[in-house]
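Have a look at the structure below, then the notes.
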Protein chains: 2
Amino acid sequence: MSQEMMRGHLDGLVLAVLIGGPAHGYGLIEALRDRSGGFFDLPEGSVYPALHRLERSGLVASGWSEVGGRRRRVYTLTASGRRAAEQRQSEWRSFSAAVERVFANPGSGQGGTAGAVTS
Amino acid sequence: MSQEMMRGHLDGLVLAVLIGGPAHGYGLIEALRDRSGGFFDLPEGSVYPALHRLERSGLVASGWSEVGGRRRRVYTLTASGRRAAEQRQSEWRSFSAAVERVFANPGSGQGGTAGAVTS
DNA sequence: GTCTACGCCTAGGCTTTCTAGGTATGAGCC
DNA sequence: GGCTCATACCTAGAAAGCCTAGGCGTAGAC
């Protein structure tokens, strides 16, 4: 449903969730599903690589934990990760506003740009 | 600035512009730049392949025109293209709303999901 | 004669996401 | 004991989309 649209936004969404506190991969998937009202139901194969990517970039740090006999890798925002999260959100607002302007604009057309179509 | 975020949204934006009337590639780039307040300044290498893609999908139809000694390929929305344009916009609204929900939600955290970090 | 704006095009590479698998624990059920 | 489900991690490879970096050509200004 929204697979194609995720491009370039996953990292920002993950960082946004981590602003609320540390989380592990599986829980992050649930958090995104819950927060989005079920709209984002991301496969593990998307989220785990994204987390590894963010860790390589220094935006999150991870540590192992054990809960109920199951090991978890818990991710926490770093200082630069927090800055990145805020920047991503402001970029999103700009992007979203720009898209809305394009959608809203009802033509803006001079009407004469097309010329005569010959075939 | 917004290169990564375009993924999956370009087609919808192009279709949105074409709702206002036929346009050619070069003019479409200008229209997107103008309508978005300069935010979308797309390279030709993005827009022309997108138009060809849309034409292959049957969402737009093209015809050649000549204006001032310069040839233009003018693109027009087909019937299914118009439907697709509207659908894209409604999908955008859903997507945008879901992103906003994720950004707005201030934790929603139980706080106890992380467990004790051991290393 | 050169430069800029207009106007079209494509090949190749990069990045990101998804598909489709794999491993392992704990709990509930028969 | 076996089965299944939810939890929890991981990766290789394919698929797709956009950008970079070029190419071609006309018209008009300087």
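To find a chain, count down the sequence lines: A is the first, B the second, and so on, and within it residues start at 1. Only this structure's heavy atoms are used, side chains among them; waters, hydrogens and symmetry mates stay out.
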Worksheet item: Which word best sums up how the rings of A/Tyr75 and A/His52 line up, parallel for under 30°, tilted for 30 to 60°, or perpendicular for over 60°?
Response: tilted
Discussion item. Taking side-chain hydrogen bond (donor to acceptor under 3.5 Å, both in side chains) as the definition, give me every residue that meets it alongside A/Asp41, ordered by chain and number, with sequence neighbours left out.
Written reply: A/Arg33
Worksheet entry | Under 4.0 angstrom between A/Tyr26 side-chain N/O and D/dT7 OP1 or OP2 | yes
Item to complete: Would you indicate what B/Gly8 reaches in the nucleic acid, counting non-hydrogen atoms under 4.0 angstrom: base, sugar-phosphate, or nothing?
Response: sugar-phosphate
Discussion item. If I take atom CG from residue A/Leu54 and atom CG from residue A/Leu10, how far apart are they, to the nearest 0.5 angstrom?
Written reply: 8.5 Å
Fill in: Partners meeting side-chain hydrogen bond (donor to acceptor under 3.5 Å, both in side chains) with B/Arg93 (sequence neighbours left out)
A/Glu100
Worksheet item: Does a side-chain heavy-atom distance below 4.5 Å link A/Leu51 with A/Arg73?
Response: no
Fill in: Atom pair distance, as rounded to whole Å: CG in A/Asp11 and C1' in C/dT17
11 Å
Worksheet, complete the sentence: Heavy-atom closest pair (B/Gly12 atom, A/Phe103 atom, distance to 0.1 Å) is O-CE2, 3.8 Å
Item to complete: Describe the nucleic acid contact of A/Gly27 in one word from base, sugar-phosphate, nothing, applying a heavy-atom distance below 4.0 Å.
Response: nothing
Practice prompt. Assign the ring pair A/Trp92 / A/His9 to parallel, tilted or perpendicular, where the plane angle (0 to 90°) is split at 30° and 60°.
Written response: perpendicular
Please tabulate, one pair per line, each protein N/O and nucleotide N/O from nucleotides 1-3 of chain D that are separated by under 3.5 Å, including the distance.
none

Item to complete: Spell out yes or no: do the side chain of B/Arg72 and the base of C/dG7 have one donor N/O and one acceptor N/O closer than 3.5 Å?
Response: no
Only pairs under 3.5 Å count here: list side-chain donor-acceptor contacts from residues 80-87 of chain A, not counting sequence neighbours, and write none if there are none.
from: A/Ser80; atom 1: OG; to: A/Gly58; atom 2: O; distance (Å): 3.2
from: A/Ser80; atom 1: OG; to: A/Thr78; atom 2: OG1; distance (Å): 3.3
from: A/Gln87; atom 1: NE2; to: A/Glu91; atom 2: OE2; distance (Å): 3.0

Worksheet item: Roughly how many Å is it from NE2 in A/His24 to P in D/dA8, rounded to a whole number?
Response: 4 Å
Worksheet item: In whole angstroms, how far is the P atom of D/dG17 from the CG atom of B/Leu13?
Response: 15 Å
Worksheet item: Which word best sums up how the rings of B/His24 and B/Tyr26 line up, parallel for under 30°, tilted for 30 to 60°, or perpendicular for over 60°?
Response: parallel
Worksheet item: Quick one: is D/dC10 close enough that its OP1 or OP2 comes under 4.0 Å of any side-chain N or O from A/Tyr48?
Response: no
Worksheet item: Nearest to the side chain of B/Arg53, which nucleotide is it out of C/dT10, D/dG17, D/dC10?
Response: D/dG17
Worksheet entry | Distance, rounded to the nearest Å, where B/Leu32 contributes CG and D/dC18 contributes C1' | 14 Å
Under 3.5 Å, which N/O atoms of the protein pair with N/O atoms of nucleotides 21-25 of chain D?
none

Worksheet item: Taking atom P of C/dC6 as reference, at what distance in whole Å does atom CH2 of B/Trp64 sit?
Response: 18 Å
Worksheet item: Roughly, in whole Å, what's the span from CD1 in B/Ile29 to C1' in C/dA5?
Response: 13 Å
Worksheet, complete the sentence: Between CG of A/Leu42 and C1' of D/dA8 the distance, given in whole Å, is 16 Å
Worksheet item: Can you tell me how far P of D/dA8 sits from CG of A/Leu28, to the nearest Å?
Response: 12 Å
Discussion item. Quick check for you: among D/dC9, D/dC18, C/dT16, whose closest atom lies nearest to any side-chain atom of A/Arg7?
Written reply: C/dT16
Practice prompt. Look at the side chain of B/Pro43 and decide which nucleotide, out of C/dC8, D/dT20, D/dT7, has an atom nearest to it.
Written response: D/dT20
Worksheet entry | 5' precedence on DNA chain D between A/His52 and A/Arg71 (nearest-nucleotide basis) | A/Arg71
Practice prompt. Using side-chain hydrogen bond (donor to acceptor under 3.5 Å, both in side chains) as the criterion, list what pairs up with A/Arg53, not counting sequence neighbours.
Written response: A/Asp11
